[in-house]
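One structure below.
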Amino acid sequence: MSTTTDLKTPTPDQLEPLMGGTLPRVAPLLVGVCSVALGALAWLLGLSPVVGVVVAWLGYVLGYTVWSRSVEGSRKATDALMRTLMWTAFVLAMLPLVSLIWTVVARGLPVLTPQFLNDDMSGRALLGVGGGIYHAIMGTVMVTAIAAIIAVPIGLFTAIYLVEYGKNNRLAKVITFLVDVMTGIPSIVAGLFAVALFIVVTGDPLPRLGIGGAIALAVLMLPTVIRSVEEMLKLVPDDLREASYALGVPRWRTIVKVVLPTAVAGIVTGITLAIARVAGETAPLLLILGTARVANWNPFEGPVQTLPVYIFQSLGQTTHFKYGEIWTDRVWGAALFLIIIVMSLNLVARIIGKAFAPKTGR
Amino acid sequence: MAKSIDVSDLDIYYGDFLAVEGVNMHIKARSVTAFIGPSGCGKSTVLRSLNRMHEVIPGAHVQGKVTVDGQSLYDSAVDPVAVRRQIGMVFQRPNPFPTMSIYENVLAGNRLNSKKMKKTEADDIVERSLKGANLWNEVKDRLDKPGMGLSGGQQQRLCIARAIAVEPQVLLMDEPCSALDPISTSAIEDLIHELKSDYTIVIVTHNMQQAARVSDETGFFNLKAAGQPGHLVEFNATPKMFANPDNEATEAYISGRFG
Amino acid sequence: MTTAIREPEQQQELPARARTTRVGDAVFRRTALGAALLVVGLLAGVAIFLVIQGLPALDASGEQAYGKPSVWSYVGPLLFGTILSSALALVIVTPLAIGLALVISHYAPSKVAKPVGYLVDLLAAVPSVVFGLWGIAVLAPRMVPIFDWLNDWFGWIPLFAGPVSNSGRTLLTASVVLALMALPIVTAILREIFAQTPTTQQEAALALGATRWEMIRMAVLPYARSGMVAALLLGLGRALGETMAVAMVLSATGAIISFDVISSANSNTIAAAIANNYANAAGLKINVLIFAGLALFVLTFAVNFLGRYVATRGQVKA
């Protein structure tokens with residue numbers, strides 16, 4: 001909000017009511033430099049760097065507020081104090097988040113070689129040679145895909161029921177409430193459900209199979225899918241439906257040919273975001289997928305490895321006196337690749353949402 | 001309390017876009033000045049530049065000079081917050097604070113400066129301001145009720161009461177009646193007449209009859225051409241403006257031939 | 001919603017085309033209804049299977065109940081740890097999220113606010129296992145000097161009684177990670193709510209001569225109040241149910257009740273205890289873990305329900 005003027009400065013007595021005192025423009029810089037010096041001094045005097053930073057920050061907050069209060073009055077001092085606190089919160093929040101991305105990229109990038117992506121953990125990989133995450137990537141793809149195959153049609157039709165047929169009848173209200181409840185299911189509880197289910201189904205006290213993981217993920221996906229599709233269908237104006245009925249088009253064809261195409265971008269976006277979310281899930285899969293060292297394409301038998309579970313399970317090896325280092329590399333490489341998958345799904349979802357947004361005037 | 005405003009060679013920009021160009025006028029103290037003109041000609045922008053409210057939009061800045069009784073508003077040492085305190089504003093849509101009672105709404109501006117006001121002093125301000133806004137008799141029994149519960153016209157008068165509670169020198173009104181019904185509009189116009197004796201009032205209106213009814217002087221704004229910046233075509237005493245304007249474009253607009 | 005839309009069911013004689021229409025409609029409608037009922041069944045299934053497999057745990061004791069006299073004395077301390085860590089996370093995330101959201105919506109110029117907004121949205125997608133990894137490798141060692149300092153100055157508060165853990169893998173570190181995980185989603189919601197404050201309200205405050213902070217206090221915060229509570233409760237729900245971040249970061253002592261959040265004797269959370277113990281569980285121990293999961297489910301359900309109640313009540317009022 002720059003203000004340019006071509007004025008000579010009027011005499012002070014004229015301006016009295018319009019301006020109280022104002023700190024010079026360099027005031028924040030000045031106080032900042034002094035506070036940093038103060039913090040450095042504290043550090044040099046033998047206090048820990050953490051204390052130094054705290055001292056510098058306190059110096060800035062107190063120094064600026066007191067100065068502003070004496071020159072500009074308490075209201076502007078409060079305003080300045082709150083501004084400083086807001087930006088402090090901003091830095092405190094962004095610092096770890098940026099550090100997280102930076103650490104994963106810096107430590108994972110050198111590990112991401114074609115060989116790492118194409119190897120599994122069979123044979124000598126278990127010791128310290130080579131090894132990779134091919135089996136875990138494929139496991140993630142398979143389990144997530146099956147989860148989507150289960151959850152998307154059910155979610156889609158449930159949302160269609162809620163918006164097109166339910167119209168606030170009692171069943172629709174009950175379902176809406178239950179979807180709310182499902183949104184709150186902790187992921188580990190979804191895993192426990194899958195375990196409990198397959199203990200009963202297979203009779204095996206410790207079931208390990210891919211389909212179980214997919215069902216757990218589907219339980220976590222369903223509420224997100226239903227919610228987002230429901231929102232999108234509600235955005236389709238009733239005029240469109242009525243126009244279609246007026247042409248003698250039956251209801252189900254109206255839904256398939258008119259309603260769904262109008263909302264398709266939002267629906268695809270919502271579903272993609274839901275997939276991205278469960279692709280990174282660990283806890284439920286930990287319980288039911290077990291540990292696999294090679295790709296297992298049979299979801300109905302035997303353990304399957306996914307990337308998040310691979311990361312968690314490899315963690316225990318990173319402290320090994322001899323092979324710790326290579327395991328640490330593997331963990332970071334897998335983490336980076338997992339982030340890449342999830343972020344790409346997110347970006348794709350956003351691009352679809354932007355590019356094919358429904359042209360309904362909203 | 002009231003002060004006069006001088007505007008000279010005022011250009012208003014939004015970023016690189018020149019919205020209004022070359023405005024010169026003298027707004028008299030204790031009078032009502034109306035800005036009229038077609039949509040998008042910059043009259044609201046000029047009004048907002050008189051208390052620096054246009055700066056709410058990022059990138060907005062001005063060149064030129066606005067002085068209130070000789071004090072420049074755009075001097076680098078001037079605090080926009082102090083400017084807005086002395087030059088109050090009433091908006092197109094009534095905007096009482098939804099979470100506050102009628103009583104607290106009136107005092108909202110005063111509370112900023114003096115946190116601890118004596119109860120009697122606060123009561124005085126509320127009564128005086130609401131009486132000043134011709135609202136006292138309608139709300140005196142429900143001061144603790146939310147301001148949103150009032151009718152549109154009452155809400156707008158509440159906003160005027162809130163604006164005059166801090167005893168500003170100038171009152172800017174940005175189409176204050178455009179969201180109101182005819183009866184509420186007439187109540188506000190009566191109020192503007194009364195407020196004139198204490199305040200300098202500048203009002204933007206789409207309604208030429210309203211400008212003719214309430215104002216002493218009128219400024220007509222227009223676009224030179226589509227896409228060009230707005231400018232002040234004519235500034236004259238209202239009777240002259242409506243009876244015998246100097247400028248052809250003004251006459252065309254006032255007689256309804258365009259706009 | 002329109003009530004005028006009804007299927008043409010009253011026709012007496014159906015031409016061939018109308019008949020296929022009717023069959024198609026019926027099939028489609030039944031499919032949708034079936035899917036909806038399946039969702040009901042699925043949730044009922046989750047509850048039923050958890051109860052069936054969880055109830056036998058009530059008989060567990062001693063070795064089967066992880067060395068506790070009963071399942072209650074095992075789940076109780078875990079419940080305590082879950083609530084303590086989530087409460088700490090909430091205390092940490094509240095000021096950070098409000099500050100971050102206000103910076104994005106009201107303080108930063110749009111050149112800064114937009115990319116930061118995108119970044120925060122993307123960070124919401126980072127899997128919890130990656131947060132856990134970062135927590136161990138980067139955060140935990142850096143927390144140790146902070147713990148030392150807290151212990152030196154605030155040791156008289158039971159939370160910081162010490163002795164300070166050498167690894168930094170304590171409940172407080174886990175809470176910080178939980179807070180950071182909840183931060184993006186809570187910030188995204190708060191930002192939305194703050195940005196929705198009507199411009200007219202904000203201008204009303206500014207025109208009265210309010211400073212930026214006074215404008216936020218007068219117009220933005222009152223408007224956003226119920227939404228803020230709902231967003232924070234949603235964040236709390238996330239923290240309560242989060243497993244991996246805690247399971248990885250926390251070096252847990254077991255099911256103990258300890259207010260000390262910077263020492264190596266830590267309380268554990270339900271979700272993390274399940275994840276850590278499941279691999280070696282057998283027999284009744286599995287039922288004990290499932291019972292603990294049931295308790296967690298009830299707890300998160302209560303918190304989410306409260307959040308939704310607050311949110312809808314706010315809508316009605318505004």
Side-chain angles (χ1 to χ4, degrees), chain A residues 48 50-51 75-76 78-79 82-83 85-87 89-90 92-93 96-97 99-100 103-104 154 157-158 160-161 165 167 175 178 180-189 192-193 196-197 219 222 238 241 245 250-252 276 280 282-283 286-287 308 311-312 315 331 335 338-339 342-343 346, chain C residues 1-2 5 7 21 24-25 28-29 31-33 35-36 38-40 42-43 46 49-50 53 95-96 99-100 102-103 107 122-123 125-131 133-134 137-139 145-146 149 180 183 211-213 237 241 243-244 248 271 274-275 278 282 290 293 296-297 300-301 304 308:
Chain A
S48 77
V50 181
V51 178
R75 287 179 56 202
K76 294 197 82 176
T78 310
D79 190 46
M82 292 314 295
R83 190 170 54 232
L85 291 182
M86 295 294 167
W87 282 101
F90 174 81
L92 279 182
L97 294 178
S99 151
L100 176 124
T103 314
V104 175
I154 299 180
F157 274 104
T158 304
I160 288 174
Y161 179 80
Y165 293 104
K167 302 263 189 225
I175 292 172
L178 291 181
D180 277 355
V181 175
M182 279 180 97
T183 319
I185 295 184
S187 59
I188 189 117
V189 171
L192 286 176
F193 159 68
L197 176 69
V219 169
L222 254 179
D238 269 346
R241 296 185 179 92
Y245 296 146
R251 188 165 195 171
W252 71 278
T282 319
L286 195 62
L287 304 188
I311 294 170
F312 180 70
L315 211 56
V331 166
L338 179 60
I339 286 197
V342 172
M343 295 263 173
N346 263 276
Chain C
M1 290 280 138
T2 49
I5 305 167
E7 306 114 292
T21 294
D25 264 342
F28 199 79
R29 186 197 174 99
T31 314
L33 182 64
L38 197 59
V39 170
V40 178
L42 195 62
L43 188 71
V46 171
F49 277 106
L50 286 181
Q53 294 291 322
L96 289 184
L100 184 55
L102 275 177
V103 164
Y107 279 88
L122 278 185
L123 284 166
V126 172
S128 55
V129 69
V130 179
F131 269 98
L133 193 56
W134 176 83
V138 180
L139 184 66
I146 298 177
W149 185 79
L180 290 173
L183 186 66
T211 60
R212 192 189 302 239
W213 165 244
T243 312
M244 299 322 292
M248 291 165 82
I274 297 172
Y278 187 79
I290 292 178
L296 178 62
F297 185 26
T300 50
F301 170 66
N304 281 312
R308 245 165 251 287

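Below, chains carry the letters A, B, ... as their sequence lines are ordered, and counting in each starts from 1.
In terms of non-hydrogen atom pairs under 4.5 Å with chain C, the most contact-rich of A:T282, A:V219, A:L286 is A:T282. With chain C as the partner, the residue from A:A276, A:S187, A:A89 showing the most heavy-atom pairs under 4.5 Å is A:A89. Comparing A:L287, A:L92, A:T103, A:V189 by how many heavy-atom pairs each has under 4.5 Å with chain C, the most go to A:L287.
Only the side chain of C:L102 has a heavy atom closer than 4.5 Å to any heavy atom of chain A. In this structure, chain A has a heavy atom under 4.5 Å from the side chain of C:V103, while its backbone stays farther away. In this structure, the portion of C:L183 lying under 4.5 Å from any heavy atom of chain A is its side chain and not its backbone. Only the side chain of C:L38 comes within contact range of chain A, with at least one heavy atom under 4.5 Å from a heavy atom of that chain. Residue contact with chain A, scored on non-hydrogen atoms closer than 4.5 Å, involves the side chain of C:V138 exclusively. With a 4.5 angstrom heavy-atom cutoff, A:L315 touches chain C only via side-chain atoms. Contacts between A:L222 and chain C at a heavy-atom distance below 4.5 Å involve the side chain alone, from C-beta outward. With a 4.5 Å cut-off on non-hydrogen atoms, A:A93 touches chain C through its backbone and its side chain both.
Of the N and O atoms on the side chains of C:W134 and A:S99, at least one donor lies less than 3.5 Å from an acceptor on the other residue.
We find the CZ-CE distance between C:F131 and C:M244 to be 14.0 Å, quoted to the nearest 0.5 Å.
In terms of modelled atom types and a separation under 3.5 Å, the side chain of A:N346 and the main chain of A:V342 share a donor-acceptor contact.
Contact of the A:Y165 side chain with the C:R29 side chain is registered, since non-hydrogen atoms from C-beta on lie closer than 4.5 Å.
Salt bridge annotation for A:R241-A:D238: present, with a cationic side-chain nitrogen under 4.0 angstrom from a carboxylate oxygen.
Under the 6.0 Å cut-off for aromatic ring centres, A:F90 and C:Y107 do not qualify, their centroids lying 6.0 Å or more apart.
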